[in-house]
> 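Just passing along the structure, written as structure tokens.
Keep in mind it's a predicted model, so treat the numbers as computed, not measured.
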Amino acid sequence: MKGAVITLGMVTLGIALWQSFAPTSSPVQEIDLEEEQLIASYLLEGTRRHFSQDGVTADVLEIGEATQWQNSEETTLKDIRYQTQAESGAVWDIGAAAGIFYEDINELELKNGVTVLELTRDATMQTESMRLYMDQKRAQGEQEVVMTGRGSRTTGSAFELDLQSSMATLKGDVRTEYE
């Protein structure tokens, strides 16, 4: 009997020591899937070609990475390059580090540094962000813009750009420096 009490006491002491030295486990967290954003699709290095009604390529959108979130109209993009040509023959090449594509309205919100090249006239525009309306072939930005061309550098606090007519309108505190 005495042996059984001593054995029971040793077992109880062993369990108590085991529990005191064992690491505490964190409680299991339940994830509410309705609150979390889930990826609906993911793409690496893709090209989207948009054609005019007569079958000619109207514009090309190249991306390094695209993520479409479930229950969202937006697709987040990285490493963006948009190319189009105006009826006048002007060739546009627009690049940005990141952006958001709104497929249902065919618009791009470009950000994290945007460079616009007009290749036929050797003109460049640089700004932090802009909205590109691909169906209308126009863009606008509310950030500081720097436009350089042959022998000049023009800055402004906002701009509008018509890719069809190759007309850029700089707004607010516009200054031009000539070489």
> What's the spacing between R138 CZ and Y133 OH if we round to 0.5 Å?
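Rounded to the nearest 0.5 Å, the CZ-OH separation comes out at 5.5 Å.
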
> Once rounded to the nearest 0.5 Å, what's the spacing between atom CE of M134 and atom CZ of R48?
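Separation between the atoms: 5.0 Å.
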
> Quick one, L108 with L77, criterion side chain to side chain contact (heavy atoms under 4.5 Å, CB included). Give me CA distance, side-chain angles, the key distance, then yes/no.
CA-CA 9 Å; L108 274 173; L77 306 177; 3.6 Å; yes

> Take D59 and W92 through the side chain to side chain contact (heavy atoms under 4.5 Å, CB included) test and state the conclusion after the steps.
CA-CA 10 Å; D59 57 49; W92 295 95; over 6 Å; no

> Between atom CD of Q136 and atom CG of L163, what is the distance when rounded to the nearest 0.5 Å?
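With rounding to 0.5 Å, CD (Q136) is 10.5 Å from CG (L163).
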
> Might you confirm whether atom CD of E73 has over 12 heavy atoms from other residues, nucleotides or ligands at distances under 6.0 Å?
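Atom CD in E73 is not crowded, with 12 or fewer foreign heavy atoms closer than 6.0 Å.
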
> As a test of understanding, state which of T115, L110, I80, L61 forms a side-chain contact (heavy atoms from CB on, under 4.5 Å) with I94.
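Option passing the side-chain contact (heavy atoms from CB on, under 4.5 Å) with I94: L110.
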
> What verdict does the side chain to side chain contact (heavy atoms under 4.5 Å, CB included) test give for H50 and N106, after you've listed the backbone C-alpha separation in whole Å, the side-chain angles of each residue and the deciding distance to 0.1 Å?
CA-CA 10 Å; H50 189 248; N106 203 31; 4.2 Å; yes

> Does the side chain of V91 come within less than 4.5 Å of D93's, by heavy atoms?
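No, every pair of side-chain atoms sits at 4.5 Å or beyond.
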
> Is a side-chain donor or acceptor of S157 paired with a backbone partner of K171 at a separation under 3.5 angstrom?
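Checked: pair present.
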
> With rounding to the nearest 0.5 Å, note down the distance linking OG1 in T47 to CZ in R81.
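Between T47 OG1 and R81 CZ, I get 10.0 Å after rounding to 0.5 Å.
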
> Measuring from Q126:CD to E144:CD, what's the distance to the nearest 0.5 Å?
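Rounded to the nearest 0.5 Å, the CD-CD separation comes to 11.0 Å.
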
> For the backbone of A96 and the side chain of K111, can you confirm whether one donor and one acceptor N or O come within less than 3.5 Å of each other?
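No: the side chain of K111 does not pair with the backbone of A96.
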
> V114 and S129: which non-hydrogen atoms are nearest, and at how many Å?
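Heavy atoms of V114 and S129 come nearest at CG2-CA, 4.0 Å.
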
> Do L44 and W69 share a hydrophobic cluster (ILVMFWY, side-chain heavy atoms under 4.5 Å, transitive)?
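L44 and W69: one cluster.
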
> Minimum heavy-atom separation for A139 to L132, with atom names?
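That closest heavy-atom pairing would be CB-CD1, 3.9 Å.
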
> So which heavy atom on R131 is nearest to which on E109, and how close?
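R131 and E109 have their closest heavy atoms at NH1-OE1, 3.5 Å.
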
> Does a side-chain heavy-atom distance below 4.5 Å link E128 with N112?
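Counting from C-beta outward, E128 and N112 do come under 4.5 Å.
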
> Side chains of F159 and M147, heavy atoms from C-beta outward: is any pair under 4.5 Å?
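No, side chains not in contact.
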
> Side chain to side chain contact (heavy atoms under 4.5 Å, CB included) between M130 and L161: does it pass, once the steps are laid out?
CA-CA 10 Å; M130 73 179 210; L161 177 62; 5.6 Å; no

> Would you tabulate the side-chain donor-acceptor contacts of residues 117-125 under 3.5 Å, counting partners in other chains and residues two or more places apart, or write 'none'?
| unit_1 | atom_1 | unit_2 | atom_2 | d |
| --- | --- | --- | --- | --- |
| E118 | OE1 | T120 | N | 2.8 |
| E118 | OE1 | T120 | OG1 | 2.5 |
| E118 | OE1 | R121 | N | 3.4 |
| E118 | OE2 | T120 | OG1 | 3.2 |

> Do NZ/NE/NH1/NH2 and the carboxylate oxygens of D173 and R175 come within less than 4.0 Å?
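R175 and D173: salt-bridged.
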
> Under 4.5 Å between any side-chain heavy atoms of Q68 and F101, yes or no?
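Heavy-atom side-chain distance check fails, nothing below 4.5 Å.
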
> Take atom OH in Y178; do more than 12 heavy atoms of anything else shown fall under 6.0 Å from it?
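Not buried by this count: 12 neighbours or fewer within 6.0 Å.
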
